[in-house]
Student: 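Below you'll find the structure I mean.
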2 protein chains.
Amino acid sequence: MSYDFGAMASRPVTIVDVARHAGVSHSTVSRVLNGHPHVRADTRLRVEQAVEALGYVANLQARGLAGGPSGSIGLVALEVSTSYVVEVIRGVDEELAASGLDLMLSTTRRHDVREREQVLRLSQGLCDGLIVLIPAAPDLYLEDLAARNYPIALIDHGATPFASSATMANRSSTEQAMAHLIGLGHRRIGHVTGNLATDAARRRMLNWRAMLQAHSLEHGDDLVVEGDFRRESGQRGAAILLDRSAPPTAILAGSDFMAVGVLDEVRKRGLRCPDDLSVMGFDDVAEATVMTPQLTTIRQPMQALGRQAVRLLMDRLRNPDAPTVHVELATELVVRESTAPPAH
Amino acid sequence: MSYDFGAMASRPVTIVDVARHAGVSHSTVSRVLNGHPHVRADTRLRVEQAVEALGYVANLQARGLAGGPSGSIGLVALEVSTSYVVEVIRGVDEELAASGLDLMLSTTRRHDVREREQVLRLSQGLCDGLIVLIPAAPDLYLEDLAARNYPIALIDHGATPFASSATMANRSSTEQAMAHLIGLGHRRIGHVTGNLATDAARRRMLNWRAMLQAHSLEHGDDLVVEGDFRRESGQRGAAILLDRSAPPTAILAGSDFMAVGVLDEVRKRGLRCPDDLSVMGFDDVAEATVMTPQLTTIRQPMQALGRQAVRLLMDRLRNPDAPTVHVELATELVVRESTAPPAH
DNA sequence: CGCATTTTTGCACACGTGTGCAACCCGTAT
DNA sequence: ATACGGGTTGCACACGTGTGCAAAAATGCG
């Protein structure tokens with residue numbers, strides 16, 4: 001066995017190096033690092049100075065292996081491409097900043113097997129807790145982890161006894177939007193839906209229709225066009241609706257991006273918003289405050305969802321035996337400039 | 001696919017469990033998992049079946065501790081709040097998807113100490129390579145890691161012998177912007193900078209000044225205001241510039257968000273863009289095509305930057321002894337509606 | 001000062017995996 | 001049949017840290 005003290009192959013500083021430098025055993029260093037009570041004051045000081053002097057950084061893996069806390073929580077998501085995921089991550093990151101915990105993001109990219117792998121990986125000591133942001137069935141591992149009493153927070157899942165969860169109140173959001181438009185005096189309210197293959201789009205359409213029926217307003221098929229959540233489909237939908245013999249005075253788009261498309265068509269036709277047509281969206285994306293007119297929309301509390309998940313997780317970290325909780329976050333009507341009473 | 005967990009699923013399945021189930025030693029299981037050549041075919045099959053039956057998932061920490069590959073690469077960033085970071089992450093994630101490697105995101109939240117900590121943590125076996133996305137001085141750890149021959153890719157840093165790096169052609173991007181404005185006939189061109197603590201902001205300002213000098217145009221201190229990359233600082237900067245005795249006819253903002261702020265001030269004063277003031281930004285964020293007028297800007301290839309960083313990293317993973325590389329990606333002038341020849 | 005009690009410290013093992021080395025097995029050539 | 005050789009396999013140790021237990025040291029008390 002040979003020791004090389006040369007500057008070439010510098011080995012990371014370990015707890016043993018610190019111990020040697022401070023003239024104690026590595027156990028003592030460990031105790032200092034973890035704030036154990038039974039350490040003499042001057043010993044603690046010597047160790048802390050050694051840590052400082054050598055620039056010691058704990059090896060997360062060894063610590064996790066040995067059963068110590070990792071000081072970080074994991075977030076498992078499908079991908080980072082959609083703004084939905086990005087916003088949730090932002091919320092998580094910001095809430096975490098206050099607590100001093102680290103964030104580990106892991107993406108599964110739609111491989112179902114990978115999902116279970118990633119979750120188990122992170123739960124094996126790498127992270128103290130896990131936030132799962134995947135709209136799939138986590139039954140494969142949830143019960144397992146619950147048996148180990150491992151803290152998990154699910155986002156956008158229904159209630160389950162195995163983990164805490166946070167979700168959005170989808171129903172009331174469409175009601176909020178329609179109440180706003182009807183309250184302004186609109187009687188013909190068109191709807192450009194998102195991709196009807198998705199739950200959210202379908203529920204929004206059903207609730208749009210239900211609200212019109214409840215107020216005895218027209219709700220026929222010539223007031224609704226299917227889109228796909230994207231800007232271009234919003235423009236196409238608006239073109240169709242505005243070409244009707246009796247065009248709507250307001251259009252509810254299934255997403256903010258489609259609302260932008262609706263406004264594209266409005267501008268193209270030389271109409272003005274909100275004077276000639278009121279427009280609403282869903283989500284309250286960052287773009288909503290940048291456009292002219294600024295968009296009236298239903299804010300989906302995506303960041304808040306992330307924050308809430310962190311709080312749920314930290315509750316479980318502090319008190320592992322407390323029962324799991326299910327939280328439903330309200331959406332919020334954000335009135336800006338794109339809606340007004342109808343002209344006539 | 002169904003997994004058979006034993007009656008007591010309280011403890012995670014380890015390599016030893018698999019070994020027992022297959023009637024071999026844990027070493028053999030390890031060799032199967034890592035694709036070593038000297039394993040008999042039927043033994044390999046038995047082990048693989050045991051892995052499947054027990055639903056074994058490797059413990060990353062133990063593997064990392066023991067010196068094995070982690071199969072994941074790390075990304076260290078300040079935060080995930082800015083779209084710059086988000087876009088880079090998207091690029092990284094997408095490029096990584098092709099390679100089968102996992103992504104670990106870690107945020108430092110502007111604590112300089114944490115930066116070194118996080119980097120060292122992840123480099124101690126947790127990740128096979130690291131992408132650093134922090135506009136600060138990584139001298140503290142770079143040399144150290146280079147000595148260990150640890151693969152690192154820096155984003156938006158200058159060339160360094162210690163790591164591969166990818167950056168955008170900051171010089172030419174500013175030249176592109178200024179050439180456009182000067183070509184339109186502008187002679188007084190103001191500049192609201194980003195946070196001058198960052199490299200990018202400082203270089204943009206220097207190049208702004210250099211271009212003005214090269215064309216013998218005024219470039220004094222009363223044509224430049226420091227901002228912080230955010231919308232509000234853009235508005236403040238514009239207010240200051242427009243209050244000068246001889247206000248500029250065009251303003252180059254250090255980011256698209258600041259350009260939005262500039263437009264806020266323009267609108268507030270009842271001015272019109274581009275008639276009374278031309279406005280340009282940097283980045284080409286999603287918002288740029290949504291606003292009115294649509295923003296003329298310099299497109300920063302942020303996703304491409306992420307992809308490039310991954311490729312650089314994988315080159316080093318495959319060939320650790322190859323020299324480091326510095327790649328510069330071209331930016332692109334995107335002319336939209338917010339720039340025009342000056343009125344007078 | 002001696003003894004009991006408490007505080008402080010070190011030893012040794014555990015965590016799960018990878019790997020050098022030696023031992024094993026089996027087939028083939030002598 | 002024996003020796004040889006190469007493909008397989010197991011043993012034992014290493015990685016860095018946490019912790020129960022016992023030893024050592026410090027403290028308190030008479």
Side-chain angles (χ1 to χ4, degrees), chain A residues 1-3 9 11-47 50-51 54 56-72 117 120-126 128 148, chain B residues 10-47 50-51 54-72 117 120-126 128 148:
Chain A
M1 183 177 295
S2 72
Y3 301 85
R11 202 172 40 82
V13 178
T14 74
I15 206 177
V16 179
D17 300 324
V18 175
R20 194 180 309 129
H21 192 275
V24 296
S25 77
H26 83 274
S27 318
T28 301
V29 176
S30 173
R31 282 189 266 265
V32 170
L33 293 174
N34 293 303
H36 279 233
H38 296 313
V39 179
R40 222 168 54 205
D42 64 325
T43 307
R44 159 165 286 129
L45 187 65
R46 271 213 321 285
V47 170
V51 165
L54 298 179
Y56 167 78
V57 172
N59 184 320
L60 254 200
Q61 304 155 84
R63 179 172 283 178
L65 241 199
S70 73
S72 63
E117 269 183 29
L120 289 185
R121 241 195 242 308
L122 295 175
S123 70
Q124 285 172 355
L126 242 188
D128 298 335
R148 300 216 316 261
Chain B
S10 57
R11 201 173 46 83
V13 178
T14 76
I15 205 176
V16 178
D17 300 323
V18 175
R20 194 179 308 129
H21 191 274
V24 297
S25 78
H26 84 274
S27 317
T28 301
V29 176
S30 172
R31 280 189 268 262
V32 170
L33 292 174
N34 293 305
H36 279 232
H38 297 311
V39 179
R40 223 169 51 206
D42 63 324
T43 308
R44 161 166 285 130
L45 187 65
R46 273 214 320 286
V47 170
V51 165
L54 299 179
Y56 167 78
V57 171
N59 184 320
L60 256 200
Q61 302 153 85
R63 180 172 281 178
L65 239 200
S70 72
S72 62
E117 269 185 26
L120 290 185
R121 241 195 243 307
L122 295 176
S123 70
Q124 284 172 355
L126 242 188
D128 298 336
R148 301 218 311 264

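Only this structure's heavy atoms are used, side chains among them; waters, hydrogens and symmetry mates stay out.
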Student: Distances for protein N/O vs nucleotides 25-28 of chain C N/O pairs under 3.5 angstrom?
Tutor:
none

Student: What does the inter-axis angle of the helix from C/dC1-D/dG30 to C/dT30-D/dA1 come out as, five pairs per end, nearest 10 degrees?
Tutor: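 It works out to 50° between the end axes.
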
Student: Would you say B/S30 and B/I15 make side-chain contact, with heavy atoms under 4.5 Å?
Tutor: yes

Student: Mind calculating the distance between CZ (B/R46) and P (D/dT9) to the nearest angstrom?
Tutor: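 For the pair B/R46 CZ and D/dT9 P, the rounded distance is 8 Å.
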
Student: Search all heavy atoms of B/R46 against all heavy atoms of B/G23 and return the closest pair with its distance.
Tutor: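 Closest approach of B/R46 to B/G23: NH2-O, 4.3 Å.
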
Student: Where is the tightest heavy-atom contact between B/R44 and B/H36, given as atom of each residue plus distance?
Tutor: NH2-O, 2.9 Å

Student: Is the shortest side-chain heavy-atom distance between B/N59 and B/R63 below 4.5 Å?
Tutor: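 They are not in side-chain contact.
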
Student: Please name the pair of heavy atoms, one in A/L33 and one in A/Y56, separated by the smallest distance, quoted to 0.1 Å.
Tutor: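 Residues A/L33 and A/Y56, closest heavy atoms: CD1-CE2, 3.6 Å.
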
Student: Please give me the minimum heavy-atom distance between A/A50 and A/A22, naming the atom from each residue.
Tutor: CB-CB, 4.0 Å

Student: Walk along nucleotides 15-21 of chain C from 5' to 3' and tag each nucleotide B, S or - by protein heavy-atom contact under 4.0 Å, base first, then sugar-phosphate.
Tutor: BBBBBB-

Student: For A/A58 and B/Q124, which heavy atoms make the closest approach, and how far apart are they?
Tutor: O-OE1, 3.6 Å

Student: Nearest 0.5 Å please: distance from the CZ atom of B/R20 over to the OG1 atom of B/T14.
Tutor: 7.0 Å

Student: A/Q61 versus B/L126: any side-chain heavy-atom pair under 4.5 Å?
Tutor: yes

Student: Hey, which of B/V47, B/N34, B/V39 is the one that makes side chain to side chain contact (heavy atoms under 4.5 Å, CB included) with B/V29?
Tutor: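 Option passing the side chain to side chain contact (heavy atoms under 4.5 Å, CB included) with B/V29: B/V47.
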
